[in-house]
Participant: 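Here it is, the structure, as structure tokens.
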Protein chains: 2
Amino acid sequence: MGASETRRQIVDVADQLFYEHGFEATSFADIAQDVGLSRGNFYYHFKTKDEILGAVIAQRMSNTRAMLEVWKQEAASPAERILSFIHILIANRTKIMAYGCPVSTLCNELAKLDHAAKDDAAGLFSLFRDWLAQQFAALGREADAEALALHILMRSQGVAALATAFCDENFIRREVSDMEAWLHAQCSSSSLPHS
Amino acid sequence: MGASETRRQIVDVADQLFYEHGFEATSFADIAQDVGLSRGNFYYHFKTKDEILGAVIAQRMSNTRAMLEVWKQEAASPAERILSFIHILIANRTKIMAYGCPVSTLCNELAKLDHAAKDDAAGLFSLFRDWLAQQFAALGREADAEALALHILMRSQGVAALATAFCDENFIRREVSDMEAWLHAQCSSSSLPHS
DNA sequence: GCTTTCGTAGGGCGACTGTCCTAATCCCTG
DNA sequence: CAGGGATTAGGACAGTCGCCCTACGAAAGC
């Protein structure tokens with residue numbers, strides 16, 4: 001097994017553990033155990049824990065870009081693409097109720113730790129924001145595309161936050177329906193929702 | 001200085017540090033330093049760190065109840081009371097942009113740690129939810145009061161999450177205006193927003 | 001064949017964690 | 001002033017943290 005394969009495996013495991021237990025609560029030993037490696041040997045692949053974090057964020061950025069590209073190709077219309085985004089709340093509802101949104105929880109943790117990589121983590125949000133803004137612009141809402149993108153992104157974050165606290169699946173479905181209705185209203189009118 | 005006074009001081013400092021740096025990242029030594037006590041001496045006031053967490057959550061519950069009571073007495077109409085809630089996003093914008101919402105960030109951290117007190121922390125959300133539902137019911141929306149309460153609570157959470165990531169004060173003000181407009185629409189119509 | 005390189009195992013390092021104990025000090029009461 | 005419970009300081013304790021080093025094994029190139 002090559003070193004790059006092991007490295008990829010470490011990043012995969014770290015990604016999952018950072019999501020499920022948090023960055024700080026995940027130790028080298030935890031990652032090593034799940035990968036099946038000696039903990040001391042990590043130094044060969046990553047000099048520091050922050051380096052692992054950097055690799056995890058980079059992988060998430062790459063995975064997110066790929067996912068957005070798939071959504072762009074699979075969905076015919078901009079509205080359907082936005083729906084693809086909205087529906088991750090349903091698709092990932094179990095994990096969200098248990099661990100929250102992987103992006104916001106990481107951003108929040110790094111913000112509290114005042115970690116150097118906190119802006120990099122926020123870059124994941126920018127990826128979604130820009131992609132969503134692109135879709136709203138394609139819907140003819142060039143003027144306020146970014147505001148609309150941030151609005152729908154904000155809603156998904158709010159739903160994730162309360163879903164984690166209350167573990168209420170019905171709440172998620174109700175709010176997703178509400179987001180769909182909102183999106184439909186945006187499509188059929190050009191009035192600004194933001195005064 | 002009595003022991004109860006020292007205890008209160010410990011809880012105050014712990015509350016702030018848990019908010020700004022997170023529960024796990026805050027050590028006994030950190031709290032001791034800010035309070036000005038010997039770290040070993042904590043055992044006299046609190047047997048475990050979890051006990052401090054419990055006291056912090058209890059104090060937040062108490063403070064929140066008091067705040068909601070003040071809002072209830074200061075605002076004449078239910079709509080104005082809900083506006084009081086919405087405007088904490090503006091009033092606390094600086095801290096929110098730096099550390100996020102104190103309730104959701106604690107809930108998320110405890111959920112990831114699978115901590116025994118995670119449900120207690122979620123109880124803070126219940127406090128807001130029930131209070132908001134009470135106001136919506138007073139607005140004549142008894143049928144979907146809780147859904148409306150969760151909706152506005154969800155929005156505040158989403159705004160807080162993105163405000164932390166992007167540190168964008170204009171975004172907060174724009175979404176707050178949007179929430180005000182939504183609230184106004186709820187007042188002047190009895191149609192269900194949630195199909 | 002031998003040697004070089006790659007990847008790993010295992011453990012040591014100082015620092016820090018939450019927890020716990022003990023001895024000293026404070027302040028209130030008699 | 002003397003006694004005694006309340007409160008404190010300071011450090012010991014075992015465990016874990018991220019980090020770093022060295023020796024071993026397994027391939028691969030000459």
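Bear in mind the structure is a predicted one, so any value in this text is a computation, not a measurement. Values reported hereafter were calculated over all heavy atoms of this structure, with side chains retained and with hydrogens, waters and symmetry mates removed.
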Participant: Ignoring the backbone of A:Ala29, work out which of D:dA9, C:dT17, D:dC17 is nearest its side chain.
Facilitator: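 Among the listed nucleotides, the one closest to the side chain of A:Ala29 is D:dC17.
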Participant: Ignoring hydrogens and geometry beyond distance, is a side-chain donor-acceptor pair present between B:Asp30 and B:Ser27 at under 3.5 Å?
Facilitator: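 Looking only at side-chain atoms, B:Ser27 and B:Asp30 do form a donor-acceptor pair, the distance falling under 3.5 Å.
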Participant: Does C:dT17 have OP1 or OP2 sitting under 4.0 Å from an N or O in the side chain of B:Thr26?
Facilitator: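 No, no such contact exists.
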Participant: Output yes when at least one side-chain N/O atom of A:Thr6 is less than 4.0 Å from OP1 or OP2 of C:dT8, else no.
Facilitator: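 Yes, such a contact exists.
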Participant: Judged by each residue's nearest nucleotide on DNA chain D, which is more toward the 5′ side, A:Arg39 or A:Asp30?
Facilitator: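 The residue whose closest nucleotide sits nearer the 5' end is A:Asp30.
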Participant: What nucleotide among D:dC17, C:dT8, D:dT8 has an atom nearest to a side-chain atom of A:His45?
Facilitator: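 The answer is C:dT8.
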Participant: With the side chain of A:Phe28 defined as its heavy atoms from C-beta on, choose the nearest nucleotide among C:dT8, D:dG18, D:dT8.
Facilitator: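 Nearest to the side chain of A:Phe28 among the choices is D:dG18.
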Participant: Would you mind telling me which of C:dG18, D:dA6, C:dA9 lies closest to the side-chain atoms of B:Tyr44?
Facilitator: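 Nearest nucleotide to the side chain: D:dA6.
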Participant: From C-beta outward on A:Lys49, which listed nucleotide comes closest to its side chain: C:dT8, D:dC19, D:dA9?
Facilitator: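 It is D:dC19.
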Participant: List the atom of A:Ile52, the atom of A:Ala14, and the distance in Å for their closest heavy-atom pair.
Facilitator: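 So the two residues come closest at CG2-CB, 3.6 Å.
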Participant: Between B:Gln157 and B:Cys101, does a side chain to side chain contact (heavy atoms under 4.5 Å, CB included) hold up when you go through it step by step?
Facilitator: CA-CA 7 Å; B:Gln157 287 308 304; B:Cys101 164; 3.4 Å; yes
Participant: How far apart are the closest heavy atoms of B:Glu51 and B:Phe46, and which atoms are they?
Facilitator: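 Looking at all heavy atoms of both residues, the closest pair is OE2-CA, 3.8 Å.
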Participant: Give a yes/no answer on whether the side chain of B:Tyr43 brings an N or O atom under 4.0 Å of OP1 or OP2 in C:dT19.
Facilitator: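 No.
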Participant: Is the base of D:dG10 touched by the side chain of B:Ser38 through a donor-acceptor pair closer than 3.5 angstrom?
Facilitator: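 Donor-acceptor pair under 3.5 Å: yes.
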